[in-house]
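A short worksheet on the structure shown next.
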Amino acid sequence: MEGKKIIIAIDGYSSTGKSSFAKQIARKLSYIYVDTGAMYRAVTLYCIENNLIRNCELNVNKIIDNLNDIKIQFIFNNNAEKSETFLNGENVENKIRNVEVSGYVSAISAIPEVRTQMVALQREIGKNKGIVMDGRDIGTVVFPDAEIKIFMTAKPEIRAMRRYTELLQNGDNVTLQEIEKNICERDYIDTHRNTSPLKKADDAVILDNSHISVEEQMQWFEKIFQSVIEKQYL
Ligand code: DC
């Protein structure tokens, strides 16, 4: 699976396995994987830690004023063999996955100024291609010319069960009901916000992985990748 480097955009609903799939593809192609959800999660963590969210209310003006003080980096951890998210120099890879951050991240990511800042960073990271980027607006807004666009979906109850199992393994004390509620709320906010709502790009291919294995998913991708690469050489 070699050749000219392209951009692979993976969008879709929460907990459809976008990041696992994107990481697997990146490993196979020796591409860079970029988790854009982690960027919005890092901004959310910053807001929580700096009291920009009080009693469930966002201080939107202050959040916008503080945007230039939020520095997000991805640094590869050789021991863990994965890239980790840093917020102002601190490794926040685990903190950004907690339930409190998950509860606020959709609201934070709906702020247009936050999106403008993150999209600029995403375009900068992807300017040399050879990337697999996952998120909600990668194929529609960030890289509308991406050579491969995938839109992932799966039944909400299946997504909730997968996420629940993952959080339990991390030692989080959560219930399946909480997770299902959070997933449905995020689906709603992500698809109904005014700026860059989650939607399938017209030229994206749909992947519903409710009932297919990780291996089948990869075989499906390899066929798509081959056909795109062959077209590039015509
Ligand atoms: O992929 P994730 O669940 O870690 O993303 C967290 C939230 O960030 C998600 O609810 C919506 C938002 N997000 C977004 O608005 N745009 C992106 N490109 C990526 C994530």
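When a ligand or atom number is given, it counts from 1 through the structure's own listing order. Throughout, residue positions are numbered sequentially from 1 according to the sequence presented. Since the model is a prediction, treat every value here as computed from it, not as a measurement.
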Task: Nearest protein heavy atom with distance in Å, relative to atom 4 (O) of ligand 1 - done: R41 NE, 2.7 Å

Open item on the list: Atom CG of residue position D69 - does it have more than 12 heavy atoms of other residues, nucleotides or ligands inside 6.0 Å?
Closed with: yes

Task: Neighbour count above 12 (heavy atom, 6.0 Å) for N170 CG - done: yes

- [ ] Identify the protein heavy atom lying closest to atom 20 (C) of ligand 1, giving its residue, its atom name and the separation to 0.1 Å.
- [x] G37 CA, 3.6 Å

Task: Candidate list K82, K18, K23, R97, test salt bridge (charged side-chain N to carboxylate O under 4.0 Å, His left out), partner D35, passing option - done: R97

Open item on the list: Return the closest protein heavy atom for atom 10 (O) of ligand 1 as residue, atom name and distance.
Closed with: S106 OG, 2.9 Å

Open item on the list: With heavy-atom distances below 4.0 Å as the criterion, list the atoms of ligand 1 near V105.
Closed with: 6 (C), 7 (C), 8 (O)

Open item on the list: Could you check whether S102 and R41, counting side-chain N and O atoms only, form a donor-acceptor pair closer than 3.5 Å?
Closed with: yes

Open item on the list: I want to confirm something. Looking only at heavy atoms, which of R97, R136, K18, E185 is nearest to atom 17 (C) of ligand 1?
Closed with: R136

Open item on the list: Heavy atoms only: which of T36, T16, V141 lies closest to atom 19 (C) of ligand 1?
Closed with: T36

TODO: For Y40, take its heavy atoms, then give the atoms of ligand 1 lying under 4.0 Å from any of them.
DONE: 8 (O), 13 (N), 14 (C), 16 (N), 17 (C), 18 (N), 19 (C), 20 (C)

Open item on the list: To check your reading of the model: name the closest protein heavy atom to atom 16 (N) of ligand 1, its residue, and the distance in Å.
Closed with: R115 NH2, 2.9 Å

Open item on the list: Using a 4.0 Å heavy-atom cut-off, which part of Q122 comes near ligand 1: side chain, backbone, both, or neither?
Closed with: neither

- [ ] Over 60° means perpendicular and under 30° means parallel, so classify the ring planes of Y13 and F151, tilted if in between.
- [x] perpendicular

TODO: With heavy atoms of S109 as the reference, note each atom of ligand 1 found under 4.0 Å away.
DONE: 11 (C), 12 (C), 15 (O)

TODO: Return the minimal non-hydrogen interatomic distance between Y31 and I6, and the atom names on each side.
DONE: OH-N, 3.0 Å

TODO: Report yes or no: do Q117 and N68 form a side-chain donor-acceptor pair below 3.5 Å?
DONE: yes

TODO: Check each heavy atom of R186 against ligand 1 and say whether those closer than 4.0 Å belong to the side chain, the backbone, both or neither.
DONE: side chain

Open item on the list: For a quick check under 3.5 Å, do S14 and R136 share a side-chain donor-acceptor pair by atom type?
Closed with: yes

TODO: Considering non-hydrogen atoms only, spot the tightest contact between D203 and K149 and give its length.
DONE: OD1-NZ, 3.0 Å

Task: S14, any N or O under 3.5 Å of ligand 1 N or O - done: no

- [ ] Just jot down the ligand 1 atoms closer than 4.0 angstrom to any heavy atom of G135, in number order.
- [x] 17 (C), 18 (N), 19 (C)

Open item on the list: With a heavy-atom distance limit of 4.0 Å, tell me whether R163 approaches ligand 1 through its side chain, its backbone, both, or neither.
Closed with: neither

TODO: Could you check atom 11 (C) of ligand 1 against the protein and tell me its nearest heavy-atom contact, residue, atom and distance included?
DONE: D190 OD1, 3.4 Å

TODO: With sequence neighbours left out, write down each residue that passes side chain to side chain contact (heavy atoms under 4.5 Å, CB included) with I32, or none if nothing qualifies.
DONE: V34, I131

- [ ] Look at ligand 1 and say whether M39 reaches it with a heavy atom at a distance under 4.0 Å.
- [x] no

